[in-house]
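These notes concern the structure reproduced below.
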2 protein chains.
Amino acid sequence: MTPATTAQSLLEGWQRGNVLAADCPSRPLLAHVTSRWGTLVMIVLLTGTFRFSDLRRRIPGISERMLAQTLQQLEADGFVLRTAFQVVPPHVEYSLTAPGQEAAAHVAALANWIEDNLTRLKPPAARGTDPETAKA
Amino acid sequence: MTPATTAQSLLEGWQRGNVLAADCPSRPLLAHVTSRWGTLVMIVLLTGTFRFSDLRRRIPGISERMLAQTLQQLEADGFVLRTAFQVVPPHVEYSLTAPGQEAAAHVAALANWIEDNLTRLKPPAARGTDPETAKA
DNA sequence: GTGGATACTTACAGAAATGTAGGTACTTCC
DNA sequence: GGAAGTACCTACATTTCTGTAAGTATCCAC
């Protein structure tokens with residue numbers, strides 16, 4: 001499937017529900033998966049099942065608040081499966097659902113591609129000179 | 001390549017530059033491509049070359065300000081090629097660079113997958129009941 | 001000469017995302 | 001008994017994102 005074909009099927013099925021439409025139901029799902037932390041959570045969960053604090057440790061910089069919120073969104077969307085054991089130091093496990101794994105694979109593929117192609121993109125001189133970052 | 005393999009190569013090459021690291025240079029690139037408007041711009045550009053106001057019309061809801069900003073980021077990142085003709089009503093064309101097409105293909109694949117799998121994800125009852133949206 | 005089109009930019013304001021700090025209830029370890 | 005670990009939630013503050021409205025310079029059609 002060429003890039004053009006992919007775009008074609010995306011744009012031709014206009015009535016099916018299109019990302020380009022502002023009120024398309026796929027928008028929030030896409031937003032959650034591509035959000036700052038959503039992406040990283042999906043990528044980590046692709047490698048296995050983890051407890052809350054495991055995830056926190058594996059994703060440097062994430063706060064508990066954001067991790068909890070992100071997991072809840074992804075769970076509500078059907079990407080993530082939350083399994084709580086009724087024991088008393090709480091024990092909860094997070095993993096990907098079947099569709100979650102497929103979605104995460106796409107996310108990881110994109111992230112992977114960017115890492116592998118960093119040098120083809122922003123020339124070395126420009127890298128690290130992010131105007132947004134520079135202002136701050 | 002299985003999902004696990006993808007994640008593996010992502011997590012094993014820790015030193016190469018990893019998305020999980022907060023200061024990884026790939027982070028801003030990923031952020032631009034997965035941003036609210038970045039995603040849509042990439043998807044539309046996958047279908048051809050367009051002028052500024054063409055893009056504006058094809059992406060419902062985007063403001064001129066956001067389109068300009070998004071295009072500038074994607075251009076600086078090396079995803080988008082901007083061609084300005086020195087004529088006077090200004091004429092500028094936007095298209096994807098070679099790497100931009102590859103990246104856009106990944107983005108479109110993800111968006112496509114979500115649209116195709118909407119029913120497998122959020123159950124119909126839950127769809128349209130986005131807690132975030134509901135509050136507003 | 002008035003209105004519309006082109007491709008933007010800038011200032012300002014409001015909305016949304018994110019971080020910080022604290023609290024909960026219970027357990028095990030020293 | 002005090003500290004640490006588990007999996008969170010809540011209020012508040014800050015940062016970042018996004019939208020609105022206006023302005024720029026030039027051209028063409030009416």
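For clarity, every value in this text was computed on a predicted model and none was experimentally measured. The figures that follow rest on heavy atoms only: side chains count, while hydrogens, waters and symmetry mates do not. Here is the naming used below: chain letters follow the sequence lines, and residue numbers restart at 1 for every chain.
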Counting only side-chain heavy atoms from C-beta out, which of C:dT9, D:dG19, C:dG19 sits nearest to B:M66?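 Of the options given, the side chain of B:M66 lies nearest D:dG19.
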
When you get a sec, tell me which of D:dC9, C:dT18, D:dT18 is the closest nucleotide to the side chain of B:W37?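 The nucleotide sitting nearest to the side chain is D:dT18.
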
[X] [atom1] to [N] [atom2]: how many Å, rounded?
X	N	atom1	atom2	value
B:Q86	C:dA7	CD	P	13 Å
B:Q69	D:dT20	CD	P	15 Å
A:R65	D:dT15	CZ	P	15 Å
A:L67	D:dC9	CG	C1'	13 Å
A:F50	D:dC8	CZ	P	16 Å

Tabulate protein N/O versus nucleotide N/O from nucleotides 3-7 of chain D, keeping only pairs under 3.5 Å, one per line.
from, atom 1, to, atom 2, distance (Å)
D:dT6, OP1, A:R57, NH2, 3.4
D:dT6, O3', A:R51, NH2, 2.7
D:dT6, O3', A:P90, O, 3.1
D:dA7, OP1, A:R51, NE, 2.7
D:dA7, OP1, A:R51, NH2, 3.1
D:dA7, OP1, A:V92, N, 3.4
D:dA7, OP2, A:S53, N, 3.1
D:dA7, OP2, A:S53, OG, 2.4

Taking for each residue the nucleotide of DNA chain C bearing the nearest heavy atom, is the 5' side occupied by B:Q72 or by A:I62?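 So the residue in question is B:Q72.
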
Partners of B:R56 by salt bridge (Lys or Arg N to Asp or Glu O under 4.0 Å), sequence neighbours excluded?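 Once residues adjacent in sequence are excluded, the partners of B:R56 under the salt bridge (Lys or Arg N to Asp or Glu O under 4.0 Å) criterion are B:E64.
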
A side-chain contact here means heavy atoms from C-beta on lying under 4.5 Å apart; do B:T39 and A:V19 qualify?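 Side chain of B:T39 against side chain of A:V19, heavy atoms only: no contact under 4.5 Å found.
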
With a 4.5 Å limit on heavy-atom distance, are the side chains of B:D54 and B:R57 in contact?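 The answer is yes; the side chains approach within 4.5 Å.
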
A:R36 side chain near C:dG19 phosphate (N/O to OP1/OP2, under 4.0 Å):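 Yes, because at least one side-chain N or O of A:R36 sits under 4.0 Å from OP1 or OP2 of C:dG19.
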
Which of these passes side-chain contact (heavy atoms from CB on, under 4.5 Å) with A:L55: A:T70, A:L71, A:I62, A:L40?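 When A:T70, A:L71, A:I62, A:L40 are each tested with A:L55, the side-chain contact (heavy atoms from CB on, under 4.5 Å) holds only for A:L71.
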
Could you give the side-chain donor-acceptor pairs of residues 80-95 of chain B under 3.5 Å, partners two or more places apart or in another chain?
from, atom 1, to, atom 2, distance (Å)
B:H91, NE2, B:E93, OE2, 3.3

Which pair of heavy atoms, one from A:L121 and one from B:P99, lies closest together, and at what distance?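 That would be CD2-CB, 3.8 Å.
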
